Amino acid sequence: MRYSVIHNTFFDYEMPVVSAHQVLRLKPRDVINRQQVLKHRLVLSMQGADNTELLDYFGNHLLEVRLYAQHQGFSIRSESEIDIAPRDNILLDLSPPWEQVAAEMRDPESIEAWEAVQFAFASPLVDVDAARAYAQEFAAPEIPLLRLALNLTETIYRDFSYQGGVTDIHTQVGDVIAEKRGVCQDFAHVALAVLRALGLAARYVSGYILSQPAGQPALQGAEASHAWISVYCPEFGWIDFDPTNNQMTGDQHITLGWGRDYGDVAPTRGAILGGGRQKVDVEVAVRPI
C-alpha cells in the first residue's frame with residue numbers, strides 16, 4: 001500500500017516569543033522489508049530558521065530548528081509519501097518460550113540480542129516496578145513469547161478504556177494500570193512495563209495509522225500520532241503489536257520512529273523564551289494513494 005501522510009502542528013502563544021528551539025521527529029524512517037519513504041517535505045511557516053538535520057541514537061530522523069525572530073505563533077507541516085509492504089504471516093506458537101528469551105536477555109550472545117537488551121529495562125516513562133504484580137497474570141510457564149505478547153495486547157484492549165483528556169505524558173504506568181483508561185501512548189507504556197518486568201525486550205513505536213481501513217471499522221488513534229509496541233524475539237526479529245486496536249500491526253500502520261518510551265520519539269519538543277501560556281493543535285491525515 002502507498003500512503004500520503006500530512007501532519008500539521010500549530011503553535012499559538014499568549015505573548016510574543018523572543019526565540020525558540022524545537023526538536024522535530026516528523027520524518028518517517030525506512031524499515032527493512034516493510035516500509036520505504038518515497039518523499040518527504042517539511043514546511044515551516046517562518047522563514048530564516050536555523051536548521052540542523054541528523055539521526056538520533058536510535059536511528060530516527062531528527063531536525064533541530066532554531067527561531068530567532070520574534071513571533072506569537074507558527075506552524076509545521078510534514079508531508080510524506082510512503083510504501084508499506086503487507087505483514088508476513090507469523091506463526092506465533094512457533095516462537096520460543098518467554099522464559100528462554102528472558103534468559104537470553106540476561107546473558108546475550110548474538111549481536112541482535114545485545115542490541116535488543118537495551119530495551120529490557122525501565123526508562124523515564126516506563127516504571128517496570130509498577131507493573132511487576134500485573135505482569136504475573138501473563139507469566140504462565142512455557143508460553144511462546146509472541147503468544148504472550150498477543151495475550152497482553154488482547155487483555156489491554158479488553159480491560160482498558162480508550163479515553164482522551166484523562167492522562168498526559170507525565171501519567172505514571174501504575175496509575176494507568178489502576179484506572180484502566182487512557183490513550184495509545186498509555187497502553188503502549190503499560191505493555192512495555194509488563195514485558196520488561198518479565199525480563200523481555202520491547203520498544204515504543206511512534207507513527208500513524210490509516211483512518212479507516214476499507215470495509216473495516218475506524219481504528220482508535222487515527223487522525224493523530226499513534227503508538228504501539230515492538231517485541232524482540234530470537235529468529236523472528238522485532239514483531240509489532242497494537243494494544244489500542246487489539247491487533248498485530250499490518251500495512252495500515254506507518255512507523256515514524258522508535259525508542260525506549262514516548263520521550264525518545266516525541267514528534268515535537270522544545271524550549272521557548274517568552275510566550276506565556278501556549279496552545280498546540282495537531283492535525284493528521286493518512287490517506288491511501
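Below, each value reflects all heavy atoms present in this structure, side chains not excepted, and no hydrogens, waters or symmetry copies. Given the structure is predicted, the values throughout are model-derived calculations rather than measurements.
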**Q.** Sub-4.5 Å side-chain heavy-atom contact between Glu235 and Pro96
**A.** no

Q.
Just checking Ile32: does its CD1 atom have more than 12 heavy atoms from other residues, nucleotides or ligands closer to it than 6.0 angstrom?
A. no

Q. Considering all heavy atoms of both residues, which atom of Val128 and which atom of Ala197 are nearest to each other, and what is their separation?
A. CG1-CA, 3.5 Å

**Q.** side chain to side chain contact (heavy atoms under 4.5 Å, CB included) evaluation trace for Phe10 with Lys279
**A.** CA-CA 8 Å; Phe10 305 94; Lys279 180 182 179 183; over 6 Å; no

Q: Flag yes if more than 12 heavy atoms outside Arg269 fall under 6.0 Å of its CZ atom; otherwise flag no.
A: no

**Q.** Heavy-atom side-chain contact between Tyr134 and Val190 under 4.5 Å
**A.** yes

(Q) Check Arg147 with Asp93, please: is the shortest side-chain N to carboxylate O separation under 4.0 Å? (A) yes

**Q.** Nearest-0.5 Å distance, CG of residue Leu273 to OG of residue Ser19
**A.** 4.5 Å

Q: Using the side chain to side chain contact (heavy atoms under 4.5 Å, CB included) rule, take Asn51 and Leu44 through it: C-alpha gap first, then chi angles, then the decisive distance, then the call.
A: CA-CA 11 Å; Asn51 301 334; Leu44 305 179; 4.2 Å; yes

Q) If only atom types and distance count, is the side chain of Asp175 paired as donor or acceptor with the main-chain N or O of Ala178 below 3.5 Å? A) no

Q | Test applied, side-chain hydrogen bond (donor to acceptor under 3.5 Å, both in side chains); reference residue, Tyr208; option that passes from His7, His226, His253 | A | His7

(Q) Less than 4.5 Å apart, side chain to side chain, heavy atoms only: is that true for Phe241 and Leu195? (A) no

Q) Counting N and O atoms only, with roles assigned by atom type, does the side chain of Glu99 sit under 3.5 Å from a partner on the main chain of Glu142, one being a donor and the other an acceptor? A) yes

Q: Begin from the C-alpha positions of Arg260 and Arg196 and carry the test side chain to side chain contact (heavy atoms under 4.5 Å, CB included) through to its verdict.
A: CA-CA 11 Å; Arg260 298 166 300 168; Arg196 294 176 187 175; 4.3 Å; yes

Q. Counting only N and O atoms by type, is there a donor-acceptor contact under 3.5 Å from the side chain of Tyr3 to the main-chain atoms of Asp251?
A. yes

(Q) Side chains of Glu179 and Val166, heavy atoms from C-beta outward: is any pair under 4.5 Å? (A) no

Q: Side-chain contact test, heavy atoms from C-beta onward, threshold under 4.5 Å: evaluate it for Ile209 versus Val286 and give yes or no.
A: no

Q | Heavy-atom closest pair, residues Asp261 and Ser123 | A | OD2-OG, 2.8 Å

Q: First locate atom CG of Asp50, then atom OH of Tyr68, and finally report the distance between them rounded to the nearest 0.5 Å.
A: 5.0 Å

Q: Answer yes or no: are there more than 12 heavy-atom neighbours, outside Leu55 itself, under 6.0 Å from its atom CG?
A: yes

Q. Do Gln35 side-chain atoms and Arg29 backbone N/O form a donor-acceptor pair below 3.5 Å?
A. yes

(Q) Check the orientation of Tyr13 and His71. Use parallel for under 30°, tilted for 30 to 60°, and perpendicular for over 60°. (A) perpendicular

Q: Report yes if the side chains of Tyr262 and Pro267 come closer than 4.5 Å at any heavy-atom pair, otherwise no.
A: yes

Q) Is Leu125 reachable from Phe160 through a run of I, L, V, M, F, W or Y residues, each pair having side-chain heavy atoms under 4.5 Å apart? A) yes

Q: Spell out, yes or no, whether Phe121 and Trp114 are grouped together once hydrophobic residues are joined by side-chain heavy atoms under 4.5 Å, including indirect joins.
A: yes

Q. Is Val282 close to Thr268 at the side-chain level, that is, under 4.5 Å between some pair of heavy atoms?
A. no

Q: Considering non-hydrogen atoms only, spot the tightest contact between Val194 and Ala131 and give its length.
A: N-CB, 4.0 Å

**Q.** Ile82 with Leu63, same ILVMFWY side-chain cluster at under 4.5 Å
**A.** yes

Q.
Can a donor-acceptor pair be found, under 3.5 Å and without considering hydrogens, that links the side chain of Glu53 to the backbone of Glu64?
A. no

Q. OG1 of Thr153 to CZ of Arg158: how many Å apart, nearest 0.5 Å?
A. 12.0 Å

**Q.** Pair Phe119 + Phe58: ring centers closer than 6.0 Å
**A.** yes

Q: Return the minimal non-hydrogen interatomic distance between Arg66 and Thr52, and the atom names on each side.
A: NH1-OG1, 3.6 Å

Q: Output yes when Arg203 and Asp264 qualify as a salt bridge under the 4.0 Å nitrogen-oxygen rule, no when they do not.
A: no

**Q.** Non-hydrogen atoms of Ala139 and Leu198 that approach each other most closely
**A.** CB-CD2, 3.8 Å

Q) Is there a donor-acceptor pair closer than 3.5 Å between any side-chain N or O of Gln136 and the backbone N or O of Ala133? A) no

Q | same_hphob_cluster(Ile143, Leu91) at 4.5 Å side-chain heavy-atom cutoff | A | yes

Q. Of all heavy-atom pairs between Val284 and Ser225, which one has the smallest distance, and what is that distance?
A. CG2-N, 3.9 Å

Q: Could you verify whether a donor N or O on one side chain and an acceptor N or O on the other, from Gln247 and Gln252, lie under 3.5 Å apart?
A: yes

(Q) Donor-acceptor pair, distance only, cut-off 3.5 Å: does the side chain of Gln278 make one with the backbone of Gly276? (A) no

Q: In sequence, state the C-alpha distance, the side-chain angles, and the governing distance for His189 and Val176, and then conclude on side chain to side chain contact (heavy atoms under 4.5 Å, CB included).
A: CA-CA 9 Å; His189 284 158; Val176 179; over 6 Å; no

Q: Calculate, to the nearest 0.5 Å, the distance between atoms CG and CG belonging to Leu94 and Leu146 respectively.
A: 9.5 Å

(Q) Treating Arg77 as the side-chain partner and Ile6 as the backbone partner, does any N or O pair qualify as donor plus acceptor under 3.5 Å? (A) no

Q: Look at the rings of Tyr162 and Phe187 and say which category their plane angle falls in: under 30° parallel, 30 to 60° tilted, over 60° perpendicular.
A: perpendicular

(Q) Are Val265 and Trp238 connected into the same hydrophobic cluster when the rule is that any two of I, L, V, M, F, W, Y join if their side-chain heavy atoms are below 4.5 Å apart? (A) no

Q. In Å and rounded to the nearest 0.5 Å, what is the CG to OH distance from Leu200 to Tyr232?
A. 11.5 Å

Q: Kindly compute the distance separating CG (Asp30) from NE2 (His61), expressed to the nearest 0.5 Å.
A: 6.0 Å

Q) Would you say Asp88 and Asn33 make side-chain contact, with heavy atoms under 4.5 Å? A) no

